[in-house]
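To keep things clear, I will list the structure first and then write my remarks on it.
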There are 2 protein chains.
Amino acid sequence: MRFSTKGHYGLKAMLDLAQHYGAVPVPLKSVAQRQRLSGYYLEQLFTMLRKAGLIKSVRGVQGGYMLARPPEEIKVGDVIRVLEGPVAPVECVNEVEPKECDQADYCITRIVWVKLRDSIAGVLDSISLADICRGAQKNQQSQE
Amino acid sequence: MRFSTKGHYGLKAMLDLAQHYGAVPVPLKSVAQRQRLSGYYLEQLFTMLRKAGLIKSVRGVQGGYMLARPPEEIKVGDVIRVLEGPVAPVECVNEVEPKECDQADYCITRIVWVKLRDSIAGVLDSISLADICRGAQKNQQSQE
DNA sequence: CTAAACCCGAGTAATTAACTATAGTTTCAA
DNA sequence: TTGAAACTATAGTTAATTACTCGGGTTTAG
């Protein structure tokens, strides 16, 4: 039971944008270097995030990417759903359009997966990018 | 973010054994038929569960499989960990021997994965096979 | 006009998932 | 004592997914 690197890397990149949130866009290359990610690969992730409306892009020289909304208003769940698809420990309890099997009515394991799904979604939707940035700052302070 | 069919099917099969828990072993074939699973595939899952000590086998005619402990004493988490490995939304927060990346100290996303891991483990470890069987019974009664 | 930057689509190697198959061993029961 | 039911072990196979990689575009500040 793993998230793929899409969710993992994508969240890192989004937090990088959150930490540099401001007026000027951040070039993909600098995000990739700071987070040690393949630029080619990150491009794909940013494309997904842009099409989903979580980030905006500015083309041309001095261009780059920036969050479409302030970090307080973007939840980890938003990012993960774009990159990994809807939360669903098994397909039959998918958040969106679950393909229920023919045994759905009496499937005895169903309750487990529903609880799990809700628990996962609960965690992901309770944390904003800003929450994490604050936590990271605190951490650095406490290490000083 | 999905569990594989190992965890999914394996839990179904374990619950089948729980529902038939008693003195006599249940042949694999009958579990496979009731749960509509490939017998060949289920064989592999049962082998893993047996080696992990969750089920016992009886060879020969009239043989089969049975839970090694009563359903109250087997948690969903026990089954899932045998079949899917340790709970770990990403490798660096694996329950067992996490391969921490070189950025572990200052990795900003880490807190998310830890919370998620603990939340998932919490759900899986809070539900026993007996809990689910009881729920299923109740469900059937309420539908009458 | 040129270089920095995003945009888009395709290709690809490696891994994993999900079975499938085959040959063997144990045990009961007729 | 032998045949069939059942578990045991290991290997093969096919398809999908993952995690990139690459090449050629377009936009725009300076």
Side-chain angles (χ1 to χ4, degrees), chain A residues 1-13 17 20 23-33 35-68 80 83-85 88-91 99 101, chain B residues 1-13 17 20 23-68 80 83-85 88-91 101:
Chain A
M1 215 283 303
R2 294 272 145 93
F3 283 89
S4 75
T5 55
K6 281 186 188 164
H8 193 174
Y9 296 174
L11 184 57
K12 277 193 182 189
L17 293 187
H20 295 85
V24 294
V26 184
L28 180 144
K29 214 173 183 178
S30 69
V31 175
Q33 279 173 352
Q35 305 300 324
R36 302 197 201 166
L37 303 173
S38 148
Y40 288 130
Y41 193 43
L42 190 54
E43 237 172 46
Q44 292 183 0
L45 308 186
F46 272 1
T47 298
M48 297 172 79
L49 291 164
R50 179 174 52 82
K51 289 185 176 166
L54 291 185
I55 61 178
K56 287 185 296 190
S57 62
V58 177
R59 298 181 74 161
V61 179
Q62 312 273 349
Y65 292 93
M66 55 205 307
L67 297 185
I80 294 297
L83 297 171
E84 302 268 339
V90 299
E91 173 56 32
K99 269 190 221 135
C101 59
Chain B
M1 214 282 303
R2 294 271 145 93
F3 284 88
S4 74
T5 55
K6 282 185 188 164
H8 193 174
Y9 296 175
L11 184 57
K12 276 193 183 189
L17 293 187
H20 295 85
V24 294
V26 185
L28 181 144
K29 214 172 183 179
S30 69
V31 175
Q33 280 174 350
R34 269 192 300 270
Q35 306 299 324
R36 302 197 201 166
L37 303 173
S38 148
Y40 287 130
Y41 192 44
L42 189 54
E43 241 170 44
Q44 293 182 1
L45 308 185
F46 273 1
T47 298
M48 297 172 79
L49 292 164
R50 179 174 52 81
K51 288 184 176 166
L54 291 185
I55 60 178
K56 287 185 296 192
S57 63
V58 178
R59 297 181 73 160
V61 179
Q62 313 273 349
Y65 292 94
M66 53 203 308
L67 297 184
I80 294 298
L83 297 171
E84 302 268 340
V90 300
E91 173 56 32
C101 58

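Residue numbers begin at 1 in each chain, while the letters A, B, ... track the order of the sequences. The shown structure was predicted, so the numbers you read here are calculated from the model rather than taken from an experiment.
Non-hydrogen atoms lying under 4.0 Å from DNA chain D are contributed by A:Arg59, A:Gly60, A:Val61, A:Gln62, all within residues 58-65 of chain A. Listed in residue order, the members of residues 39-54 of chain A having a heavy atom less than 4.0 Å from DNA chain C are A:Glu43, A:Gln44, A:Arg50.
Here the closest heavy-atom approach between residue B:Leu28 and residue B:Gly39 is recorded as CD2-O, 3.7 Å. A pairwise comparison of heavy atoms in B:Ala68 and B:Gly53 identifies CB-O, 3.4 Å as the closest pair.
Nucleotides of DNA chain C that come within less than 4.0 Å of any heavy atom of chain A span, from the 5' end to the 3' end, C:dA3 to C:dA10.
Counting only residues at least two apart or in different chains, side chain to side chain donor-acceptor pair (under 3.5 Å) contacts with residues 46-61 of chain B are absent. Counting only residues at least two apart or on different chains, the salt bridge (Lys or Arg N to Asp or Glu O under 4.0 Å) pairs with a member in residues 2-11 of chain B are A:Glu91-B:Arg2. The salt bridge (Lys or Arg N to Asp or Glu O under 4.0 Å) contacts involving residues 37-48 of chain B comprise nothing, where partners must be two or more places apart or lie in separate chains.
No contact: A:Phe3 has no heavy atom under 4.0 Å from any strand.
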Worked check of side-chain contact (heavy atoms from CB on, under 4.5 Å) between B:Leu17 and B:Phe46: CA-CA 11 Å; B:Leu17 293 187; B:Phe46 273 1; 4.1 Å; yes
Chi angles and distances behind the side-chain contact (heavy atoms from CB on, under 4.5 Å) call for B:Lys12, B:Leu45: CA-CA 11 Å; B:Lys12 276 193 183 189; B:Leu45 308 185; over 6 Å; no
Full working for side-chain contact (heavy atoms from CB on, under 4.5 Å) between B:Ile55 and B:Tyr65: CA-CA 7 Å; B:Ile55 60 178; B:Tyr65 292 94; 3.7 Å; yes
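The aromatic rings of A:Tyr41 and A:Tyr9 stand perpendicular to each other, their planes meeting at an angle above 60°, with 30° marking the opposite boundary.
Rounded to a whole Å, the NE2 atom of A:His8 is 11 Å from the P atom of D:dC20.
B:Glu84 contributes a side-chain N or O that, together with a main-chain N or O of B:Gly7, makes up a donor-acceptor pair within less than 3.5 Å.
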